[in-house]
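Notes to accompany the following structure.
All figures in this text were calculated on a predicted structure; none of them were measured in a lab. Here, residue 1 is the first one in the sequence, and each next residue gets the next number.
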Amino acid sequence: MNKHFFYIFLLSLLLTSCVPTQDLIYLQNKENTANTAVNEIKNKPYRLQTNDVLSISIKAIDSKLVQIFTNPTNQDQTSSSNDVLYFNGYTVDDHGNIRMPILGEINVLGFTVEETRKKIEERLLSDYFKKEAEIFVTVKLAGFRYTVNGEVTNPGSKILYQERVSIMEAIANSGDINITGDRKDVKIMRQFPHGTEIYSIDLTDSKALQSPYFYLQPNDYVYIKPLKQKSWGTGKTGVESLGTIITILSLATTTFLLLKN
């Protein structure tokens with residue numbers, strides 16, 4: 001009976017200390033449906049916040065008319081380093097304003113990038129230029145910034161130069177989630193004028209594609225918490241767990257024999 005109990009205990013310890021395969025596979029069809037419906041993802045447009053940096057380009061038929069708005073960021077397209085964007089872009093200050101030549105301070109807090117473009121264009125046409133000048137305004141965020149921390153290979157802040165970034169892309173750019181990371185409860189911390197809100201998304205379920213948080217927003221903070229197996233320290237796989245258990249049993253046996261003698 002003691003031997004049977006020991007073997008059952010050893011087997012249960014081995015099984016509970018391993019990370020199940022179902023906890024490692026992304027976007028599983030957990031409802032076992034034949035066809036997965038493709039639904040439109042509700043991705044709300046990003047609204048500008050303080051400390052955002054904008055890249056603003058203003059062009060006209062006669063380039064001399066808008067030369068005062070030209071900065072090194074617009075002139076040299078190869079100079080797209082973070083330093084150039086930080087020093088030559090337009091930063092949203094604590095009052096929600098950006099400060100531009102001639103136009104002065106423009107409030108952009110809570111506006112989308114497209115709304116900001118229209119606001120600048122309307123201001124230029126109403127006060128400084130005629131329609132015949134063919135003013136062309138482009139407004140973009142100076143990089144999509146986000147942070148991934150926790151159980152990933154390369155945690156830290158990243159900047160991507162694209163309009164949209166999904167949470168899968170963000171994690172892939174951080175070297176993927178470690179085997180001890182919890183893919184079922186990925187936390188997303190998002191800043192709003194009224195404060196920080198925290199969301200959760202299960203990346204092992206294909207329904208994550210329909211989540212409004214599948215696509216990140218600039219300045220999002222993604223946290224991958226560890227699984228219980230990591231705190232137990234018994235190993236991530238069956239082989240590692242078995243090796244750990246054998247080591248513990250060998251140590252216990254050696255200690256017992258030494259005390260007996």
Side-chain angles (χ1 to χ4, degrees), residues 20 22-55 91-92 96 107-119 138-178 180-227:
Q22 289 80 2
D23 292 348
L24 301 176
I25 301 175
Y26 293 108
L27 306 178
Q28 301 170 58
N29 184 6
K30 294 187 177 182
E31 294 183 352
N32 295 320
T33 54
N35 296 314
T36 303
V38 178
N39 298 322
E40 183 181 357
I41 297 175
K42 297 179 181 179
N43 185 31
K44 294 182 180 180
Y46 176 68
R47 298 194 172 274
L48 297 174
Q49 303 177 33
T50 57
N51 297 321
D52 280 342
V53 181
L54 297 176
S55 174
T91 303
V92 183
N107 187 269
V108 298
L109 185 65
F111 288 83
T112 65
V113 170
E114 180 63 16
E115 289 170 347
T116 301
R117 181 195 68 78
K118 290 180 179 179
K119 193 172 187 179
T138 303
V139 179
K140 290 182 178 292
L141 274 172
F144 193 111
R145 183 185 180 89
Y146 64 90
T147 301
V148 180
N149 203 0
E151 292 297 307
V152 291
T153 306
N154 300 308
S157 296
K158 313 285 182 183
I159 296 179
L160 296 180
Y161 299 100
Q162 57 191 68
E163 297 294 328
R164 287 201 312 181
V165 177
S166 72
I167 191 169
M168 300 291 288
E169 288 178 282
I171 290 172
N173 280 312
S174 297
D176 202 6
I177 300 175
N178 298 331
T180 53
D182 190 352
R183 291 162 172 80
K184 290 185 176 181
D185 188 19
V186 176
K187 300 295 184 184
I188 301 170
M189 284 166 259
R190 185 164 293 173
Q191 297 290 334
F192 291 96
H194 59 268
T196 302
E197 293 186 7
I198 301 177
Y199 311 103
S200 178
I201 185 171
D202 181 1
L203 294 181
T204 66
D205 193 339
S206 59
K207 287 185 177 180
L209 293 169
Q210 303 171 19
S211 171
Y213 315 115
F214 184 75
Y215 281 97
L216 299 181
Q217 289 194 1
N219 305 311
D220 275 358
Y221 183 96
V222 180
Y223 176 67
I224 316 295
K225 67 180 184 180
L227 292 168

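- Distance alone, capped at 3.5 Å, is enough to place a donor-acceptor pair between the S174 side chain and the A170 backbone.
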- Stepwise salt bridge (charged side-chain N to carboxylate O under 4.0 Å, His left out) test for E115 and R47: CA-CA 9 Å; E115 289 170 347; R47 298 194 172 274; 3.1 Å; yes
- Can S200 and D185 be said to form a side-chain hydrogen bond (donor to acceptor under 3.5 Å, both in side chains), step by step? CA-CA 6 Å; S200 178; D185 188 19; 2.4 Å; yes
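- When each of T196, N219, T50 is checked for a side-chain hydrogen bond (donor to acceptor under 3.5 Å, both in side chains) with Q191, only T196 meets the rule.
- Summarising the local packing, NZ of K140 is surrounded by 12 or fewer heavy atoms from other residues, nucleotides or ligands at distances under 6.0 Å.
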- Query: Can you list the steps and then say if L203 with I171 is a side-chain contact (heavy atoms from CB on, under 4.5 Å)?
  - Reply: CA-CA 11 Å; L203 294 181; I171 290 172; 3.4 Å; yes
- Go through D176 and Y26 one step at a time and tell me if the side-chain contact (heavy atoms from CB on, under 4.5 Å) criterion holds. CA-CA 11 Å; D176 202 6; Y26 293 108; 2.5 Å; yes
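- Judged by distance alone, with hydrogens and angles left aside, the side-chain atoms of Q28 form a donor-acceptor pair with the main-chain N or O of Q22 at under 3.5 Å.
- Note that the CE atom of M189 and the CD1 atom of I198 stand 5.5 Å from one another [nearest 0.5 Å].
- In this structure, CD1 in I177 is found 11.5 Å from CG in D23, a value given to the nearest 0.5 Å.
- Ring planes of F192 and Y199: perpendicular class, angle over 60° (limits at 30 and 60°).
- Nearest heavy-atom pair across P155 and N149 is CB-OD1, 3.7 Å.
- Side-chain contact between L54 and L141 is present, with at least one heavy-atom pair separated by less than 4.5 Å.
- Here the closest heavy-atom approach between residue E151 and residue P226 is recorded as CG-CA, 3.6 Å.
- Side-chain contact check for V186 versus V222: some heavy-atom pair is nearer than 4.5 Å.
- Between atom CD of residue E169 and atom CZ of residue F214 there is a gap of 8.0 Å, rounded to the nearest 0.5 Å.
- By the 4.0 Å N-to-carboxylate-O rule, D202 lies too far from K184 to be salt-bridged with it.
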- Message: Between D52 and Y46, is the side-chain contact (heavy atoms from CB on, under 4.5 Å) condition met? List the steps.
- Response: CA-CA 11 Å; D52 280 342; Y46 176 68; 2.7 Å; yes
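- Atom CG of L109 is separated from atom CG of L48 by 8.0 Å, given to the nearest 0.5 angstrom.
- Rounding to the nearest 0.5 Å places CE of M168 at 8.0 Å from CG of L209.
- The shortest heavy-atom contact between T112 and P45 is CG2-CB, 3.9 Å.
- K119 places a side-chain N or O within donor-acceptor distance of the main-chain N or O of N107, the cut-off being under 3.5 Å.
- The number of heavy-atom neighbours closer than 6.0 Å to CD of E163, taken from other residues, nucleotides and ligands shown, is 12 or below.
- Atom CD1 in I224 sits 8.5 Å away from atom CG in D182 (nearest 0.5 Å).
- Closest heavy-atom contact between G143 and I159: CA-CG2, 3.7 Å.
- Summarising the geometry of E197 relative to H194, their closest heavy-atom pair is OE2-NE2, 2.8 Å, with the distance given to 0.1 Å.
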- Task: Test L216 against F144 for side-chain contact (heavy atoms from CB on, under 4.5 Å), laying out the working first.
- Result: CA-CA 9 Å; L216 299 181; F144 193 111; 4.1 Å; yes
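- In this structure, the side chains of V92 and Q49 stay at 4.5 Å or more apart for every pair of heavy atoms.
- Proximity of V148 to N154: side-chain heavy atoms (C-beta onward) are nowhere separated by under 4.5 Å.
- Side-chain contact between F111 and V139: absent, with no pair of heavy atoms (C-beta onward) separated by less than 4.5 Å.
- With contacts defined as side-chain heavy-atom distances shorter than 4.5 Å, the pair L160/Y146 qualifies.
- Of the possible donor and acceptor atoms, none in the side chain of N178 sits under 3.5 Å from a partner among the backbone N and O of T180.
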